[in-house]
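Residue numbers begin at 1 in each chain, while the letters A, B, ... track the order of the sequences.
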Amino acid sequence: MSLMALRERLNVLVNSMFLEGLLDQQFRQLQMLQDASSPGFVAEVITLFCEDSERMLTELTKLLDQAVVDYQKVDAYVHQLKGSSSSVGAQNVKLACIQFKQFCEENNKEGCLSALNMVKHQYYSLRSKFDTMLQLEQRIQAYDSEQQN
Amino acid sequence: MAVDAEAEFHVLAVDDSLIDRKLIERLLKTSCFQVTTVDSGSKALEVLGLREDRTTPSAVSPEHNEIEVNLVITDYCMPGMTGYDLLKKIKGSSSLKDIPVVVMSSENVPSRINRCLEGGAEEFFLKPVQLSDLKRLRPHILKGRSKDQQLQREENSNTIIISSSGSKRKAMDEEPSSERTRLRFSTGSLTML
């Protein structure tokens with residue numbers, strides 16, 4: 001695939017993510033912070049976010065699996081996840097976390113379980129698109145470095 | 001001279017979230033600040049040369065050389081020492097109280113904001129912090145610079161005190177903002193070229 005076609009594909013992907021509400025303007029901020037001195041910035045942040053989120057989702061699943069739920073711990077993780085999704089522009093994940101926080105505050109186990117499922121659903125939808133995004137970006141970078149040699 | 005002012009300005013960023021540390025570091029570097037990031041209030045105090053149980057800096061230890069910090073930017077919600085606790089420690093220290101402190105929070109709680117401002121914070125930023133927010137740091141840089149210049153001139157001459165803040169501000173406004181020169185636009189890439 002030509003460089004132009006790759007760029008076009010990436011563009012279409014990112015735009016569709018904005019349209020679907022997966023991403024918000026904060027993601028544009030991240031893109032603006034990437035430049036020649038920091039060419040891998042967005043990829044780095046996305047990767048960190050995914051690692052972090054999956055770790056937290058695992059912990060949350062364990063916590064809600066207990067007979068007696070420690071809502072303080074649950075809240076702490078949801079707060080963290082909400083914060084990092086907000087920082088990277090992961091809009092749908094952030095919104096799902098807000099819902100989750102609500103149920104947590106009410107100590108509502110059923111609500112929390114359903115909210116956790118929603119967060120997972122939103123996260124994994126985003127994750128698969130992030131994976132495609134990173135693959136395309138890698139291929140584009142490969143072209144650029146070929147041209148430089 | 002104005003170009004050097006920001007390049008030498010050293011910011012200490014404190015946040016327990018790795019992602020937020022990466023972000024604030026990038027934001028600050030893009031704006032030409034020197035940055036050190038730490039993940040807790042107690043580490044921040046170490047960098048500042050202040051141990052938790054003291055209000056004056058300890059003598060320089062062989063392992064840590066205290067670096068000069070011109071501004072502290074800290075998250076509010078952190079386990080252990082909160083951003084507010086850190087703020088109070090800094091403002092309560094005779095040697096550190098003049099360092100401007102900015103508090104960040106993801107939550108827009110007026111009572112929290114007031115508490116911080118009353119506690120001596122120079123600014124309060126809502127997260128996620130934007131490039132445009134960093135412009136609000138400028139008056140604090142200029143204040144710091146003109147204070148240094150004032151001290152310099154007082155040392156050189158006992159009678160003449162010159163305030164340089166006016167001319168500094170003008171020089172900075174005339175210079176193209178570093179954020180703007182870095183924004184390039186194109187399509188089809190994660191880099192907004």
**Student:** Do the side chains of A:Val42 and A:Leu134 join up, straight or via other hydrophobic residues, at under 4.5 Å, putting them in one cluster?
**Tutor:** yes
**Student:** Against chain A, label B:Ser106 side chain, backbone, both or neither, depending on which of its atoms sit under 4.5 Å from a heavy atom there.
**Tutor:** side chain
**Student:** What is the distance from atom SG of B:Cys77 to atom CD of A:Gln80, rounded to the nearest 0.5 Å?
**Tutor:** 11.0 Å
**Student:** Examine A:Leu13 and A:Leu126 and state if one hydrophobic cluster contains both, with Ile, Leu, Val, Met, Phe, Trp and Tyr joined whenever side-chain heavy atoms are less than 4.5 Å apart.
**Tutor:** yes
**Student:** Let me check something: do A:Met118 and A:Met56 share a hydrophobic cluster, defined by ILVMFWY side-chain heavy atoms less than 4.5 Å apart, either directly or through other members?
**Tutor:**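 Cluster IDs for A:Met118 and A:Met56 differ.
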**Student:** At what distance, to the nearest 0.5 angstrom, does CG of B:Leu18 lie from CG of A:Asp52?
**Tutor:** 7.0 Å
**Student:** So do the side chains of B:Glu107 and A:Lys82 get within less than 4.5 Å of each other, counting heavy atoms only?
**Tutor:** yes
**Student:** Is A:Val74 linked to A:Leu95 within one hydrophobic cluster, defined over Ile, Leu, Val, Met, Phe, Trp and Tyr using a side-chain heavy-atom separation of less than 4.5 Å?
**Tutor:**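 The answer is no; the residues belong to distinct hydrophobic clusters.
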**Student:** How about A:Tyr77: does its OH atom have over 12 heavy atoms from other parts shown lying under 6.0 Å from it?
**Tutor:** no
**Student:** Roughly how far apart are A:Ser84 OG and B:Lys22 NZ, rounded to 0.5 Å?
**Tutor:**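 So the OG of A:Ser84 and the NZ of B:Lys22 are separated by 15.0 Å.
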**Student:** With rounding to the nearest 0.5 angstrom, report the NZ to OG distance, B:Lys29 to A:Ser37.
**Tutor:** 9.0 Å
**Student:** Is the number of heavy atoms from other residues, nucleotides or ligands under 6.0 Å of A:Glu105 CD greater than 12?
**Tutor:**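 Enclosed: over 12 neighbouring heavy atoms sit under 6.0 Å from CD of A:Glu105.
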**Student:** For a 4.5 angstrom cut-off between non-hydrogen side-chain atoms, does A:Asp35 reach B:Arg26?
**Tutor:** yes
**Student:** Flag the pair B:Leu23 / A:Phe41 as yes when at least one side-chain heavy-atom distance between them is below 4.5 Å, and no otherwise.
**Tutor:**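 Result yes, sub-4.5 Å side-chain heavy-atom pair found.
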**Student:** Is the shortest heavy-atom distance from the side chain of A:Val88 to the side chain of B:Ile19 under 4.5 Å?
**Tutor:** yes
**Student:** Tell me, yes or no, whether the heavy-atom count around A:Met4 atom CE, taken from other residues, nucleotides or ligands under 6.0 Å, exceeds 12.
**Tutor:** no
**Student:** Measure the shortest side-chain to side-chain distance between B:Leu27 and A:Met32 over non-hydrogen atoms and say whether it is less than 4.5 angstrom.
**Tutor:** no
**Student:** Identify the two heavy atoms, one from A:Ser86 and one from B:Pro128, that lie closest to each other, and give their separation to 0.1 Å.
**Tutor:** OG-CD, 3.5 Å
**Student:** Examine A:Ile98 and A:Phe49 and state if one hydrophobic cluster contains both, with Ile, Leu, Val, Met, Phe, Trp and Tyr joined whenever side-chain heavy atoms are less than 4.5 Å apart.
**Tutor:**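 Cluster IDs for A:Ile98 and A:Phe49 differ.
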**Student:** Look up atom CD in B:Glu25 and atom CG in A:Leu33, then write down how far apart they are to the nearest 0.5 Å.
**Tutor:**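 Separation between the atoms: 11.5 Å.
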